[in-house]
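Lettering of chains follows the sequences in order, A, B, ..., and the numbering in each one begins at 1. Only a predicted model underlies this, so the values are computations on that prediction, with no experimental measurement involved.
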There are 2 protein chains.
Amino acid sequence: MTTIAHTPPPHTPPPHTLPPHPPSPLSLAAGTTQRARELTEPLLREAVALLEPWTAVMSSYHLGWCRADGSPVEHASGKAVRPALAVLAAEAVGAPAEAALPGAAAAELIHNFSLIHDDIMDGDEERRRRPTVWKEFGVSGAILAGDALQVLAFDLLLAKGGPHGPAAAGHLAVALRELVEGQACDIQFSARPWSGPGTVTVAEYQAMAMAKTGALLAGASAMGAVLGGADQPLVHALAEAAGQLGLAFQCVDDILGIWGDPAVTGKPVRGDLRERKKSLPVVAASAASGSVARRLAELLADGRSPAGEEEAEKVLLEAAELIEECGGRRACEREAEQALARARASLDLVPMPAGVRAQYTALADSFVARVM
Amino acid sequence: MTTIAHTPPPHTPPPHTLPPHPPSPLSLAAGTTQRARELTEPLLREAVALLEPWTAVMSSYHLGWCRADGSPVEHASGKAVRPALAVLAAEAVGAPAEAALPGAAAAELIHNFSLIHDDIMDGDEERRRRPTVWKEFGVSGAILAGDALQVLAFDLLLAKGGPHGPAAAGHLAVALRELVEGQACDIQFSARPWSGPGTVTVAEYQAMAMAKTGALLAGASAMGAVLGGADQPLVHALAEAAGQLGLAFQCVDDILGIWGDPAVTGKPVRGDLRERKKSLPVVAASAASGSVARRLAELLADGRSPAGEEEAEKVLLEAAELIEECGGRRACEREAEQALARARASLDLVPMPAGVRAQYTALADSFVARVM
């Protein structure tokens, strides 16, 4: 019996050969993030295991590894986009995926630190269809869990990054500073008016999105390239490409936040309008002039709660239509396309194996395939 | 007139000569922390200036450099104990004070990050006789300001630490992990019972205090020594000494938290008892047996608010007396003395210039001089 189990069946292809037909771009992208997640997760688990039990449980809960009582779950984690970019950057410059892993894990730790803290600041009660950390463990616990993940990122990179670890940690520190800055800008946007002087401009929005979403994707790529031994120009081109992908990603997220299908996004329909978020479609629409734009600003600025649930939905629906009429959706789509084009242009500067380039292209396409 | 102001009076000694009589240990210690603060502050200001305006104002407000509206104040900052330990460690191993400054500034940034976040977690509304950051700017702002200071610490160390910067950053990451762990333990202590199974033990308290207070003092010393080019055994001895000083410091703080004079401490009398903090005098007293200890546990566990302010004060006064009767205060003083002795023993292992040793001794004595 055991001999049979150890003998491969006659038609099983040897591992790591290419499949007979080229995979579709979307399944190629999914394969890339899946591979990055599997490669990175052991380091993440090892890092989280260093924490004292309470912080470890909160972090593991957030990462989808356990329930609130600490019992393990068969998990389907997040998308591992940052580890994928770190791994691809290392492979693009001719290093093995393994070289990038401390950077991949550090970027994922920082990403999750920011999710945990942002959920407190934004008052979000659900993430991935479960209560957020602050909702489950209290605000103090969530502050601590976030702090702990931030520390682990630097700890891991400096302890396991090898000779290029410190340079990678330098890139991480810069990305993290921008990330915090982006969140600070985003929070301050909420206090700004919907029209007239002080309205958030498209340029301000772009700067915020580049900092809040682009910086860590750029940092993950820079770390992967640096850990792979790349020189400054290559590091820069790969980081720039990833930063632009981040901007495209944020634009798509903003479109889904208003017009996304709740069954697909897992978020309520028109959720960003309900929360009066100054996302790009709204910001771009607010820059328009004329009676439609004025009506939109009135609608969004109106602090009164409509009579009932049904009335509230009607207001949100009208706002969504006005945003489209003012060109807010189209402007956001165009911004995503342009950011994607800039990302591709940066990638074109980097000589890399064809297989790696195909994965980059597929990943970039998957970022915007959700809406276009 | 102006010529007189610009001409030194005939008997003014030239700058930097020794005073005619050796200074008292306390004024020597004050001079050491003052010098470290003055050397470190330019780096701190340069780092904070990197932040976007809102985060920069919150951080500067916390650091005592400005009012909540951003207008500058003539400030009297905190004690700069961590910068002093970093500077002394560098000088102990024969390096100039300047070598330690990136480590000194990083330790101070981390210290202030932890104060800002701890004030949220503990619900503390005042610090240094002003509203805390969360009280003044809201919880979201305070989370962000803390996060920003944490980032700046690594950013500064990696960007300005020179060839030993990465090694110093490694020490900082370890210290920071312990700091977060210590805070996690401290928070969890509050949910533990006052007597019977699950009561916090003296050993658990020591571990918490070493992590929460000792680790960053040890980290500051390790960074100073590493940046000064010291080898591992010296780094270790200096860090160990500073960690023990941290434990002594915490014990003294705990004594002041119950028996301190509000006019000196700036904190309410018996404040730690009012907040039902499981500080060392209480933990040590709870370990005693007999009727006095039972009465103390009853008093502390009683969740009912006494009838009025006067009644509440009577309860706190009785609890303070019972703690003393059970030997809680004496145990805490002994713990501080022992930690101080361990610190001195570690320092004795390190050959260093006599002037540096005198400053170390004075600083150590100043830690406990507040109560003994």
Problem - Straight-line distance of B:Met223 CE to B:Leu238 CG, nearest 0.5 Å - result: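 So the gap between those two atoms works out to 13.5 Å.
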
Exercise for the section: Please round to the nearest 0.5 Å and tell me the distance separating atom CG of A:Leu149 and atom CD1 of A:Ile116. Expected result: 5.0 Å

Please state whether the side chain, the backbone, both or neither of [X] comes within less than 4.5 Å of a heavy atom of chain A.
X: B:Leu176; result: both
X: B:Ala159; result: neither
X: B:Glu181; result: both
X: B:Leu152; result: side chain

Problem - Nearest heavy-atom neighbours spanning B:Ala47 and B:Leu109 - result: CB-CD1, 4.5 Å

Exercise for the section: Determine the minimum heavy-atom distance between A:Gly103 and A:Leu227, stating which atoms define it. Expected result: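 So the two residues come closest at N-CD1, 3.4 Å.
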
Practice task
State which residue, out of B:Lys278, B:Lys212, B:Lys277, fulfils the salt bridge (Lys or Arg N to Asp or Glu O under 4.0 Å) condition with B:Asp186.
Solution key: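 Filter result, single survivor: B:Lys212.
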
Exercise for the section: Just give me the residue among A:Gln183, A:Arg177, A:Glu178 that pairs up with chain B most often, heavy atom to heavy atom, under 4.5 Å. Expected result: A:Arg177

Fill in the blank from the handout: Looking only at A:Gly123, A:Ala184, A:Gly170, A:Pro166, the option with the highest number of non-hydrogen pairs under 4.5 Å against chain B is A:Ala184

Problem - Most contacts with chain A, counted as non-hydrogen pairs under 4.5 angstrom, among B:Asp118, B:Val151, B:Val180 - result: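 Heavy-atom pairs under 4.5 Å are most numerous for B:Val151.
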
Practice task
For the pair A:Phe154 and B:Phe154, name the ring-plane relationship: parallel under 30°, tilted 30 to 60°, perpendicular over 60°.
Solution key: parallel

